Number of protein chains: 2
Amino acid sequence: MNVGEVAALAGVTVRTLHHYDRIGLLSPSGRTAAGYRQYSPADLDRLHQVLLYRELGFPLEEVGTLLDAPDADPEVHLRRQHRLLRDRLERTQVMVAAVEKEMEARSMGISLTPEERFEVFGEHDPAEYDAEVEERWGETDAYARSKQKTAAYSKDDWVRIKAEGADVEARFAAALTDGIPADSDRAMDIAEEHRQQINRNFYDCPPEMHAGLGRMYVEDERFTAHYEEIAPGLAQYVSTAVQANATRQGA
Amino acid sequence: MNVGEVAALAGVTVRTLHHYDRIGLLSPSGRTAAGYRQYSPADLDRLHQVLLYRELGFPLEEVGTLLDAPDADPEVHLRRQHRLLRDRLERTQVMVAAVEKEMEARSMGISLTPEERFEVFGEHDPAEYDAEVEERWGETDAYARSKQKTAAYSKDDWVRIKAEGADVEARFAAALTDGIPADSDRAMDIAEEHRQQINRNFYDCPPEMHAGLGRMYVEDERFTAHYEEIAPGLAQYVSTAVQANATRQGA
DNA sequence: CTTGACCCTGACGTCGCGTCAGGGGCGAGT
DNA sequence: ACTCGCCCCTGACGCGACGTCAGGGTCAAG
């Protein structure tokens, strides 16, 4: 792909890609004889990461060091991005609440103090993330290290994990063919095991997030196909069970 | 207040305030004999608005024109900010979902297409707001005009609105002293009327937002005081009724 | 009457591009 | 073979929103 196509796909300008090339943040993996930039799928992957970090407010130079860090596999980035996005979500919710509070205050004739109104603008530098992350994750580094093993999974580990996953899926399929309702205790128990498996082997997955995944299983054909391949109706079944379990777990 | 204090309060640097002064976005209303900038409470108000719009991604020049528009009273800004913040909330939720989707895809060995991954980065320019707002509000301008009357409320209007508010509050108080439960139909009906009143007279208030206000009535002493002045226990009572009604309305 | 914390006004630097300017490459039609 | 229109290239300057000195005045405390 040449610049124009990539730019259109990613929703950025050609100039931006030129810029990223010149500062060494994202250099296309090839050039044509005429000097045209040629972007590979791997380049697109990297661009995607760049844009995510940029959206999160990181300066481009820091994005580069993050992406070029040798110990940072894609999963590390995904987890970090997930955490930062959730932080942002929280911050935005606080701001929404603040604005609603002020609207209501105005209509009731109450006026707020300056301190109150400015406290929304607390700290939210992405730069502070460095220190923050090392404090937060430094404390729970047992957890961090257990998670970082993901990158170091051996072939045996992967075999075991795949087997675990297949086992849960088989039990879902069995429950389905047995005619057990998807919101029954038995189905929800399997769903909970599914969640724990993700927790152990991949990433932190609270019930709420698990419910989101459940919805995705029927909304996205890719995941639907994965389950329908095992048994027809399984995608919907797993989806329902997972969401029911999330509700049961108090999400 | 002089620059340093304002900067500390608002969480910006002194240089930023200097900058806003020089470009005419926020000039302090006074100077001391020695030339020190003196900020009034009104200046702080304006700074607050500036920072909100800035946070939302508006270029400073546009912030200036927005704030200096003669037909734009504070309520207009609040409504606009509320809308923009909700948009942002939605966008962030979409991005969170996208990252979760990718984490799950990776752990299941599914890979996503580039198109899929980039579609998150759709349009989100604050610049497009201009055109957008005139289209959206142009269509429903009956609604817009009915809302803009807020700024043009006459003294009689205000008297009527205050009376309506007092009426609802009195009926809440009566229900409370009658020993009617706050989550009963009668209390919820009054709550719904409260919501409709806000809708008619002030701003668009869907059930979900109304529930948020309900929580605030007990969390914020300012609002608590307003209700407790009428009858002891009324803040908690209204809060519960409003939230119960929101659930009933399907929030 | 000095010290240290705060204030002032230039003025230049930085980051992430936008925006020309000047020139070459390439497939379609004539 | 030529040209038209669209895409690509490389400088190079501009801009918005400040950061960061430099050089100097102010003000309350000791």
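This is a predicted model, so every value here is computed, not measured. A note on names: the letters A, B, ... follow the listed sequences, proteins ahead of strands, and every chain is numbered from 1.
Of the listed nucleotides (dG16(C), dG25(C), dT26(D)), dG16(C) has the atom at the smallest distance from the side chain of Leu60(A). Of all nucleotides listed (dC17(C), dC8(D), dA17(D)), dA17(D) comes nearest to the side chain of His19(B).
Summary of the strand contacts: Thr13(A) and Arg22(B) both lie near DNA chain C, and taking for each the nucleotide with the nearest heavy atom, the more 5' one is attributed to Arg22(B). Mapping Ala34(A) and Arg15(A) onto DNA chain C by nearest heavy atom places Arg15(A) closer to the 5' end of the strand.
Not one N or O on the side chain of Asp45(A) forms a donor-acceptor pair closer than 3.5 Å with the backbone of Ala42(A). A side-chain donor-acceptor contact under 3.5 Å links Thr65(B) to the backbone of Glu62(B).
A straight line from CZ of Arg37(A) to C1' of dC7(D) spans 13 Å, rounded to a whole angstrom. In this structure, Glu55(A) places its CD atom 15 Å from P of dG16(C), rounding to the nearest Å. Distance Glu62(A) CD to dC15(C) P: 13 Å, rounded to the nearest Å. Atom NE2 in His18(A) sits about 12 Å away from atom C1' in dG11(D), given to the nearest Å. The OH-P distance, from Tyr20(A) to dC17(C), rounds to 4 Å in whole Å. Atom-to-atom, CG of Leu17(B) to C1' of dA17(D) comes out at 13 Å; the value is rounded to the nearest Å. For the pair Asp21(B) CG and dG10(C) P, the interatomic distance rounds to 12 Å; values are reported in whole Å. Rounding to whole angstrom units, CD of residue Glu5(A) and P of dC7(D) are separated by 10 Å.
With hydrogens and angles left out, the side-chain atoms of Tyr20(A) and Arg54(A) include a donor and acceptor closer than 3.5 Å. A donor-acceptor contact closer than 3.5 angstrom links the side chains of Ser239(B) and Gln243(B).
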From CA spacing to verdict: salt bridge (charged side-chain N to carboxylate O under 4.0 Å, His left out), Asp21(B), Arg31(B): CA-CA 12 Å; Asp21(B) 189 0; Arg31(B) 294 272 187 143; 3.2 Å; yes
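An OP1 or OP2 oxygen of dC17(C) is reached within less than 4.0 angstrom by a side-chain nitrogen or oxygen of Arg54(A).
Contacts of Thr32(B) with the nucleic acid, taken as non-hydrogen atoms under 4.0 Å apart, are absent.
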